[in-house]
Protein chains: 2
Amino acid sequence: MPIEEKKIPVTIQDVAQLANVSPSTVSKVMNDAPHISSSTRERVRAAASKLNFRPNAIARSLKVKRTATLGLITNDLEGVFTMPMMRGVEEAASNQGFSVFMCNSYGEAAREKNHLEVLLDKQVDGLILMSGYKVRERGAPAMSVGTLPLVYLYQYTRDLAVPCVIPDDQGGGYLGTAHLIGLNRRRVGFINGPTDFEQTHQRLEGYRQALSEAGIPFDPTFIKVGRWEESSGYALAHELMSLPQPPDAIFCASDSLAAGALDALHQLGLRVPEDVALLGYDNRPFSAFQRPPLSTIALPLYEMGRLAGELLLKAIAAGTTQAGVHKVPCYMVKRQSC
Amino acid sequence: MPIEEKKIPVTIQDVAQLANVSPSTVSKVMNDAPHISSSTRERVRAAASKLNFRPNAIARSLKVKRTATLGLITNDLEGVFTMPMMRGVEEAASNQGFSVFMCNSYGEAAREKNHLEVLLDKQVDGLILMSGYKVRERGAPAMSVGTLPLVYLYQYTRDLAVPCVIPDDQGGGYLGTAHLIGLNRRRVGFINGPTDFEQTHQRLEGYRQALSEAGIPFDPTFIKVGRWEESSGYALAHELMSLPQPPDAIFCASDSLAAGALDALHQLGLRVPEDVALLGYDNRPFSAFQRPPLSTIALPLYEMGRLAGELLLKAIAAGTTQAGVHKVPCYMVKRQSC
DNA sequence: GTGAAAGCGCTAACAT
DNA sequence: ATGTTAGCGCTTTCAC
């Protein structure tokens, strides 16, 4: 029967004693401070590793008033865009020895406030407020965070002092449309989402820009707007294809819209991409499982998360916040629908 | 030009001073300790809220040696099953005022060790080690965590002392098969994943159990095994349907297998579910986007995460760990493929 | 180059 | 019922 391991943690005192130095010297060694003779440095290192010493970060934080900890509050932990952004944030943070608290507000102000309280109590060094589904404008945090560095991710705000990281949707609209045109499609239809999403305007603007650069006149009858749903894509693709001169390509502002459009095209006996090329937006995982697998404009989610993390870390280190809206370029995922 | 807010935080001292009591009294009030006259209690409360006082959790933790913080390390932050489990953990934790550190090891031992070091340094009260993709057996943590409470999520281990939370795959296999039989299908084919996954045996065992309960003899020619890929599902469904007496239902051990099988069925001109009923497993998001939308056996991911969190919290509170393998029942998601 | 001393903000005996 | 005291484990002047 082994003796009950009482697991009494080893402190800086224990190391000091074993190395025959003062605790403050140990501290200096552990923090690579200058003006330590290499002999004591070695002695201390040896003692520390012999005792398996690891400094208590809580005690350290109390003294230095930094915790190397970030708070990440999302309004939707299962949002379709949440994970790659979280991975980016986590990676940026852990690269610099920071940890991140993950919180889910379910989009409720009360929960957000609650999480903010706890995070502030726990003395996080900075905060990311993220949206998991659609880019939206939002207001201030549910409670004052004082001067704590803050960045909005996949959200934006009127408050010019807080940095926002969002995708470049105009660029994405341009990219997709230009690609379709490059495929020799001159009649490209555009199925958009609801106009109360800023991003739909951006994407459409990119579309117009690509058209104009190619010298193709803008034809309003080619523009359809619906809800972010398959059924909308389905109905609107039918409308588009029953035009006297139907399009030879359809660019949908979301993959779900494109999935619906694909159904419609199949039903009409049209071949994709031969008869009409189809392009989605968002790079939702299901788009790879469509028949044919859907080409799409991808949101740079990982990169956005990473950038948000890096901006925050920089703000923490510098004490100066890199305000403004940061737009990250979308990129194209070529599959077989165009 | 407003004065530079120096944001000097208010401490328990400040409250004590304002309320004309000692710091320890303030502490007692803040922690709802007994033996405090209601008059001072009120006075202190008033002072605290007037100063907007919030106790510094770091200082508190240093003293009480608890941080109300959990560490969650996943091997895959973008694993297809990660998010609902994370949500469950987060919810269980925040319900009890705990926060959770989210870490991504990418399945690399070195990264896991690194995260463990940081988490231990930061004095987390407990740890969850989670797998984001397939249930797998795994060994001990990448470094010793001493007596820190630990639970494995969507993973299991031979170490009988650590609690594991996994889905009840045998129950899921039974549930799906029984459902198909209830639909009057007597000839149900089974397309399984690789035999080196424990879960494939479990699911098959459930299948056999349901058959036997219904008095249907087990027919080995109805069992096919492939990889976890659409192409396997496609090929194996073809094999199944070219049997002299082909099945009238196919149960696939994953949704990707089922997506492939669906392709095959379409190609053969068979109607789903009229000619052959099709059932998937896992409830992957894309399954709702199949044609017809795929019925499937869902993994109880949220519940598993929640249970893991609760087990851990209980272990922390009680100092006693609830060892053993905890199997959470799968449930059926009925859509239109059967 | 090294150590003594003070203290970060809080809690918990122990007195009173 | 309230206050005094002594730390928790570390860092950081400031002496020497």
Side-chain angles (χ1 to χ4, degrees), chain A residues 6-45 47-48 51-69 97 117-118 120-125, chain B residues 6-45 47-48 51-69 97 117-118 120-125:
Chain A
K6 246 332 205 174
K7 187 67 182 174
I8 163 160
V10 14
T11 76
I12 208 172
Q13 296 281 357
D14 303 322
V15 180
Q17 211 164 321
L18 180 60
N20 249 300
V21 293
S22 74
S24 65
T25 300
V26 177
S27 171
K28 282 165 193 148
V29 172
M30 299 308 290
N31 294 297
D32 290 313
H35 308 306
I36 297 283
S37 78
S38 51
S39 71
T40 44
R41 186 178 300 277
E42 284 322 305
R43 206 145 31 85
V44 169
R45 289 243 170 86
L51 296 181
N52 227 292
F53 169 68
R54 302 227 95 224
N56 180 325
I58 295 291
R60 171 166 224 279
S61 290
L62 180 58
K63 187 69 194 168
V64 303
K65 295 176 182 327
R66 280 172 289 110
T67 52
T69 288
E117 283 176 346
V118 172
L120 293 184
D121 289 354
K122 290 187 175 161
Q123 314 291 121
V124 297
D125 293 333
Chain B
K6 247 331 206 171
K7 187 68 184 174
I8 165 159
V10 15
T11 75
I12 208 173
Q13 297 280 357
D14 304 322
V15 180
Q17 210 164 322
L18 180 60
N20 249 299
V21 293
S22 76
S24 68
T25 301
V26 176
S27 172
K28 282 167 192 144
V29 172
M30 299 307 290
N31 294 298
D32 291 313
H35 309 306
I36 297 282
S37 78
S38 52
S39 71
T40 46
R41 185 179 301 276
E42 285 322 305
R43 207 147 28 86
V44 169
R45 289 242 169 88
L51 295 181
N52 226 293
F53 169 69
R54 303 227 95 224
N56 180 324
I58 296 291
R60 171 166 223 279
S61 290
L62 180 57
K63 185 71 193 168
V64 303
K65 294 173 181 331
R66 281 173 287 110
T67 53
T69 288
E117 283 177 347
V118 172
L120 293 184
D121 290 354
K122 291 187 175 161
Q123 314 293 122
V124 297
D125 293 334

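Proteins get letters first, then strands, A, B, ... in listed order; numbering begins at 1 in each.
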How many angstroms lie between CG in B:Leu62 and CG in A:Leu62, if you round to the nearest 0.5 Å?
-> 5.5 Å
Rounded to the nearest Å, what distance is computed from the CD1 atom of residue A:Ile36 to the C1' atom of nucleotide C:dG3?
-> 11 Å
Atom NE2 of A:His35 and atom C1' of D:dC16: how far apart are they, to the nearest Å?
-> 15 Å
Heavy atoms of A:Arg41 and A:Ile36 approach each other most closely as NH2-CB, 3.4 Å
Taking atom types as modelled, is there a side-chain donor on A:Ser27 or A:Ser24 under 3.5 Å from an acceptor on the other?
-> no
For B:Glu42 and D:dA1, give me the distance from atom CD to atom C1', rounded to whole Å.
-> 16 Å
When every nucleotide of nucleotides 8-16 of chain C is labelled 5' to 3' by its protein contacts under 4.0 Å (heavy atoms), B for base, S for sugar-phosphate only, - for none, what sequence of letters results?
-> BBSBBB---
Between B:Asp14 and B:Arg54, is there a side-chain N and carboxylate O pair less than 4.0 Å apart?
-> no
Bending between helix ends of the helix from C:dG1-D:dC16 to C:dT16-D:dA1 [5 pairs per end, 10° resolution] = 40°
Separation between CG (A:Asn56) and CG (B:Asp121), nearest 0.5 Å, reads 8.0 Å
Would you sort out whether A:Thr40 and A:Val29 count as a side chain to side chain contact (heavy atoms under 4.5 Å, CB included), showing the intermediate values?
-> CA-CA 9 Å; A:Thr40 44; A:Val29 172; 5.8 Å; no
Steps toward side chain to side chain contact (heavy atoms under 4.5 Å, CB included) verdict (B:Thr69, B:Lys122) = CA-CA 9 Å; B:Thr69 288; B:Lys122 291 187 175 161; over 6 Å; no
With respect to the phosphate group of D:dC10, does any side-chain polar atom (N or O) of A:Ser61 fall under 4.0 Å of OP1 or OP2?
-> no
In Å, rounded to the nearest 0.5 Å, how long is the span from CD of B:Gln13 to OG of B:Ser22?
-> 9.5 Å
